[in-house]
There are 2 protein chains.
Amino acid sequence: MPTALRPASPQLDARPLYRQVEEILLGRIVGGDWPPGHALPSEPELAAELGVSQGTVRKALTELELRHVIERRQGRGTTVSRHNSETARRHFFRLRDLSGSAVISRIIVVSCDEGRAEPWEAAALGIREGDPVHHLRRIRLLDGSPRIFERCTLSATLVPGFGVPPGEFAQELYVYLQQAHNVTIRRAEEDLSAAGADAETAEALGKPVGTPLLMVQRIAYDVANRAVEVRLSMIDTERHRYAVRLD
Amino acid sequence: MPTALRPASPQLDARPLYRQVEEILLGRIVGGDWPPGHALPSEPELAAELGVSQGTVRKALTELELRHVIERRQGRGTTVSRHNSETARRHFFRLRDLSGSAVISRIIVVSCDEGRAEPWEAAALGIREGDPVHHLRRIRLLDGSPRIFERCTLSATLVPGFGVPPGEFAQELYVYLQQAHNVTIRRAEEDLSAAGADAETAEALGKPVGTPLLMVQRIAYDVANRAVEVRLSMIDTERHRYAVRLD
DNA sequence: AAGTGGTCTAGACCACGAC
DNA sequence: TCGTGGTCTAGACCACTTA
């Protein structure tokens with residue numbers, strides 16, 4: 001069933017055609033018609049279905065590709081992005097060792113509880129104070145040593161029934177969210193500062209209280225731009241650096 | 001004089017045409033034929049001169065625009081990017097106040113000397129140990145308070161005769177480099193960590209030695225991808241945050 | 001009114017991947 | 001071999017800026 005992009009009646013939507021195409025395609029992905037890993041119709045097929053030229057479809061697909069919503073490969077086709085440990089880390093894990101190389105990371109879940117949103121969590125997640133949330137505490141081992149203590153808060157309305165067992169957890173959180181809860185994280189905002197280690201963090205990392213740590217507050221958003229997670233990471237930067245490229 | 005993009009003899013350059021166009025245009029900008037602020041020929045003119053279609057020129061220009069080398073405006077034309085305090089800050093100054101708003105910043109030059117490159121400086125700048133460099137120390141006031149102490153090292157071969165007087169300095173360093181030394185910074189890499197304040201920094205910021213500070217090491221590259229500056233910034237994050245977007 | 005970049009089309013050919 | 005996305009062309013019309 002072709003989507004009516006340009007009805008006979010005068011078009012009030014003044015946005016460029018390729019923006020509208022982009023939104024239609026994104027809608028199908030967000031709505032679950034095309035789940036992660038699904039192969040999209042070919043460009044000529046999409047063009048015919050939507051009643052636009054292949055060039056317009058291409059421009060829309062290029063935008064979605066830049067936002068990592070889809071992946072295109074010559075000869076193979078276009079698929080909805082699927083998180084895996086590589087892409088999840090490349091996009092959302094900025095730590096490198098002192099030589100600039102990627103880091104081997106292991107994750108230990110300390111605890112996972114249900115709770116109510118504190119004011120700062122509610123503000124970050126765009127929900128109301130007291131709304132149900134899940135709390136997750138994790139320790140990350142970088143190259144074998146405990147270097148990061150993370151306190152994560154997830155909006156329970158977006159990931160109902162969330163829960164992971166304590167102990168080592170091999171999977172990246174965002175891969176797990178996609179596979180187990182059908183929630184795809186697409187972007188995040190981080191605010192960085194320096195702080196002395198608090199008691200809980202100091203114990204988790206085996207450092208004295210007050211040790212200077214890199215504190216990262218992250219808010220993660222899904223494909224539909226909903227805030228899913230707010231996370232406070234306390235990072236021991238003795239042997240690692242948080243890498244940023246400005247261009 | 002048209003540039004021969006596709007000679008009669010078989011073309012060995014297998015790169016796409018638009019990449020070659022991109023390189024030609026970038027070459028004219030780097031070479032100084034088109035200085036910052038200069039208006040480029042129109043797309044049809046470039047297409048005719050280079051012997052390609054306007055669509056190919058457009059794709060090359062789009063790439064350069066994404067890299068902030070040029071700026072395009074409908075009806076007005078395309079110009080070579082010129083640093084000003086707005087763009088310089090938007091790209092290279094990541095600090096926000098606790099509400100996420102931009103910050104009013106003043107710069108005080110503490111000292112400016114000539115010197116020889118230490119090993120770590122030489123490694124960062126891609127020069128040899130002992131090569132001539134300029135050292136610059138600055139204090140930044142954010143919203144009126146001293147919050148950042150910066151130690152900058154510039155490669156003297158790229159900015160010969162560099163020098164700024166001590167005291168307040170209204171201009172952004174990269175704007176000054178472009179206007180006074182014809183060097184345009186286009187991108188930078190930053191490595192972030194947490195560290196206790198050393199004696200020099202503690203005095204500059206009026207904080208006790210050992211106060212946790214955000215330490216940022218930046219390497220700045222010009223349009224020709226040469227390392228121009230390495231900078232160590234010590235930042236008091238009591239009332240400010242370093243903002244990063246991951247997408 | 002003239003000229004610029006922005007959008008959109010229709011069609012050609014090529015490089016790559018899967019069968 | 002076939003279908004995919006990648007490149008390239010030629011030309012139309014539109015929206016914006018400047019004069």
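In what follows, chains are A, B, ... by sequence order, proteins preceding strands, each numbered from 1. Both backbone and side-chain heavy atoms feed into the values below; hydrogens, waters and symmetry mates do not.
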Would you say a side-chain N or O of [X] is under 4.0 Å from OP1 or OP2 of [N]?
X: A:Ser42; N: D:dT4; answer: yes
X: A:Thr78; N: D:dG5; answer: yes
X: B:Lys59; N: D:dC8; answer: no
X: B:Thr56; N: D:dT7; answer: no
X: B:Tyr18; N: D:dC8; answer: no

Taking [atom1] from [X] and [atom2] from [N], how many angstroms apart are they, rounded to a whole number?
X: A:Leu50; N: C:dT9; atom1: CG; atom2: C1'; result: 15 Å
X: A:Glu43; N: C:dA10; atom1: CD; atom2: P; result: 16 Å
X: B:Arg58; N: D:dC13; atom1: CZ; atom2: P; result: 18 Å
X: B:Arg76; N: C:dT4; atom1: CZ; atom2: P; result: 13 Å
X: B:Glu71; N: C:dG6; atom1: CD; atom2: P; result: 12 Å
X: A:Leu17; N: D:dC14; atom1: CG; atom2: P; result: 14 Å
X: B:Leu46; N: C:dG3; atom1: CG; atom2: P; result: 17 Å
X: A:Glu45; N: D:dC2; atom1: CD; atom2: P; result: 17 Å

Inspect the contact between [Y] and [X] and indicate whether a charged nitrogen and a carboxylate oxygen are less than 4.0 angstrom apart.
X: A:Glu150; Y: A:Arg140; answer: yes
X: A:Arg19; Y: A:Glu63; answer: yes
X: B:Glu190; Y: A:Arg241; answer: no
X: A:Arg218; Y: A:Glu229; answer: no

note = Walking DNA chain C from its 5' end, the first of A:Arg19 and A:Gly75 to be reached, judged by nearest nucleotide, is A:Arg19
remark   = Of D:dC8, C:dG6, C:dT7, the nucleotide closest to the side chain of A:Pro16 is C:dT7
query = The side chain of B:Ser53 lies closest to which of these nucleotides: D:dC8, C:dA10, D:dA15?
reply = D:dC8
inquiry  = Can you confirm whether the side chains of B:Asn225 and B:Arg186 place a donor and an acceptor under 3.5 Å from each other?
reply    = no
